[in-house]
Asks: 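First, the structure itself, so that you have it in front of you.
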Protein chains: 2
Amino acid sequence: MGLRGKIRDIPDFPKKGIVFKDITPLLRDKDAFREAIDALARRYEGDSVDVILGAEARGFVIGGALAYKLGVGFVPARKPGKLPHNVTKAEYELEYGMDSLEMHQDAIEPGDKVLIVDDVLATGGTASAKVDLVEKMGGKVAGVAFLIELTFLNGREKLKGYDVFSLIQY
Amino acid sequence: MGLRGKIRDIPDFPKKGIVFKDITPLLRDKDAFREAIDALARRYEGDSVDVILGAEARGFVIGGALAYKLGVGFVPARKPGKLPHNVTKAEYELEYGMDSLEMHQDAIEPGDKVLIVDDVLATGGTASAKVDLVEKMGGKVAGVAFLIELTFLNGREKLKGYDVFSLIQY
């Protein structure tokens, strides 16, 4: 698969010592973008996914395209204060301090099978916050899918018991 | 078209006196989401669009899905400091003060036909900043497409000379 060649390493972003995996060359390339979305879709076609949950901002691009391809709806998880209606919140740990994600309270209906999609699985902090949000609202996590997994950060540990899938591993 | 019934009015968001058009019920509904993306795609199929430009965050959902449907790549415009590589910046006016959007310098190649996509055309400020970015990089604006147009804000005035299209008008 040529997708790996479309991921660009950016040293020292967002801060010194971090090598950021930049997915914009992959999104920019029509063949790579299509291949990535199709590969994710193949993994879940036939599964009964009711809706895709994507977190801002890069999760919106992949989640939106995948929702279209799978023929399901899309629900956003956003940073605090961005969503206009009544929200449910989940906190997660950062290296220093806490952050949180919000979803509309009516985004998930009890029993909905929700596929959580994001660009990168790193420490698993935001992914497990999304799992919490889905379960708080009575939804069922159908899977957690990533374009990229940074295996050395052991993010899967935080997602034990869930079906975790990634297209590209480092 | 039943899409209009899937847009929710939120009074006094983000501040008093503004009625916010919430598109999350439309994105959430698999039929409405598909209908909206297909309707946008029909408008541009056959046109030679090379790439779709979407601005964070809601423009990523619609732009990502539309790029997939049209079989083209996607490039993001983001708030300052979010993109990891070398960027080009365009400023735009807010009600009080200025804001700006950034794109990677290599996002657009000279001569690329770029379709700019966003959820809402309001005053046209961010849309014209995106037009500026595309043209700074030597791209050609193939069109500017919106899910919703707030016609009473006259955003089209700022986009004169460009092919502007919206699915739902208020």
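Here the structure is a predicted model, which means the values were calculated and not measured. Chain letters run A, B, ... following the sequence lines, proteins first and then strands; every chain starts at 1.
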Asks: For residues A:Ile168 and A:Leu40: do they belong to one hydrophobic cluster (side chain heavy atoms under 4.5 Å, members Ile, Leu, Val, Met, Phe, Trp, Tyr)?
Replies: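 In one cluster: yes.
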Asks: Do other residues, nucleotides or ligands put more than 12 heavy atoms under 6.0 Å from A:Gln105 CD?
Replies: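 Result for CD/A:Gln105: enclosed.
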Asks: Check B:His85 against A:Arg8 and note the closest heavy-atom contact, atom names and distance.
Replies: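 Smallest interatomic distance, heavy atoms only, reads CD2-NH1, 3.2 Å.
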Asks: Can you pull out the residues in residues 143-164 of chain B with any heavy atom less than 4.5 Å from chain A?
Replies: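 The stretch does not come within 4.5 Å of chain A.
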Asks: Output the residues of residues 75-84 of chain B for which the shortest heavy-atom distance to chain A is under 4.5 Å, in residue-number order; output 'none' if no such residue exists.
Replies: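 Within residues 75-84 of chain B, near chain A: B:Val75, B:Pro76, B:Arg78, B:Gly81, B:Lys82, B:Leu83, B:Pro84.
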Asks: Is it the backbone or the side chain of A:Phe20 that comes under 4.5 Å from a heavy atom of chain B, or both, or neither?
Replies: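 Interface part for A:Phe20: side chain.
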Asks: Are B:Val117 and B:Val49 joined in one hydrophobic group, where the rule is that I, L, V, M, F, W and Y side chains link up if heavy atoms are under 4.5 Å apart?
Replies: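 They do share one cluster, since a chain of ILVMFWY contacts under 4.5 Å joins B:Val117 to B:Val49.
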Asks: Pick from B:Thr24, B:Leu70, B:Asp12, B:Ile108: which one has the most heavy-atom pairs with chain A under 4.5 Å?
Replies: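 Option with the greatest count: B:Thr24.
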Asks: Shared ILVMFWY cluster between B:Ile116 and B:Tyr44, side chains joined below 4.5 angstrom?
Replies: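 They do not share one cluster, since no chain of ILVMFWY contacts under 4.5 Å joins B:Ile116 to B:Tyr44.
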Asks: Assess whether atom NZ of B:Lys6 is packed by more than 12 heavy atoms of other residues, nucleotides or ligands within 6.0 Å.
Replies: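 Atom NZ in B:Lys6 is not crowded, with 12 or fewer foreign heavy atoms closer than 6.0 Å.
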Asks: Taking non-hydrogen atoms and a cut-off under 4.5 angstrom, which of residues 52-67 of chain B neighbour chain A?
Replies: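 Residues B:Glu56, B:Ala57, B:Arg58, B:Phe60, B:Val61, B:Gly64, B:Ala65, B:Ala67 are the ones that qualify, each having a heavy atom under 4.5 Å from chain A.
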Asks: Measuring heavy-atom distances to chain A, does B:Asp112 have an atom under 4.5 Å in its side chain, in its backbone, in both, or in neither?
Replies: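 Answer is side chain: those atoms of B:Asp112 sit under 4.5 Å from chain A.
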Asks: So if you build clusters from Ile, Leu, Val, Met, Phe, Trp, Tyr with side-chain heavy-atom gaps below 4.5 Å, do A:Val114 and A:Phe165 land together?
Replies: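 Unlinked, A:Val114 and A:Phe165 end up in two clusters.
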Asks: Identify which part of A:Tyr68 has an atom lying under 4.5 Å from any heavy atom of chain B, answering side chain, backbone, both or neither.
Replies: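 For A:Tyr68, heavy atoms of backbone and side chain both lie under 4.5 Å from chain B.
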Asks: Taking the side chain as every heavy atom from C-beta outward, state whether A:Asp106 and B:Arg28 have any pair of such atoms under 4.5 Å apart.
Replies: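 No, side chains not in contact.
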Asks: Strictly less than 4.5 Å between heavy atoms, which residues of residues 124-141 of chain B line up against chain A? Please order them by number.
Replies: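 Residues of residues 124-141 of chain B touching chain A at under 4.5 Å: none.
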Asks: Check whether A:Ile37 and B:Ile37 end up in the same hydrophobic cluster, where Ile, Leu, Val, Met, Phe, Trp and Tyr are linked by side-chain heavy atoms less than 4.5 Å apart.
Replies: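 As far as the 4.5 Å side-chain criterion goes, B:Ile37 and A:Ile37 are connected within one cluster.
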Asks: Among B:Pro25, B:Gly71, B:Pro14, who wins on heavy-atom pairs under 4.5 Å with chain A?
Replies: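 The candidate making the most pairs under 4.5 Å is B:Gly71.
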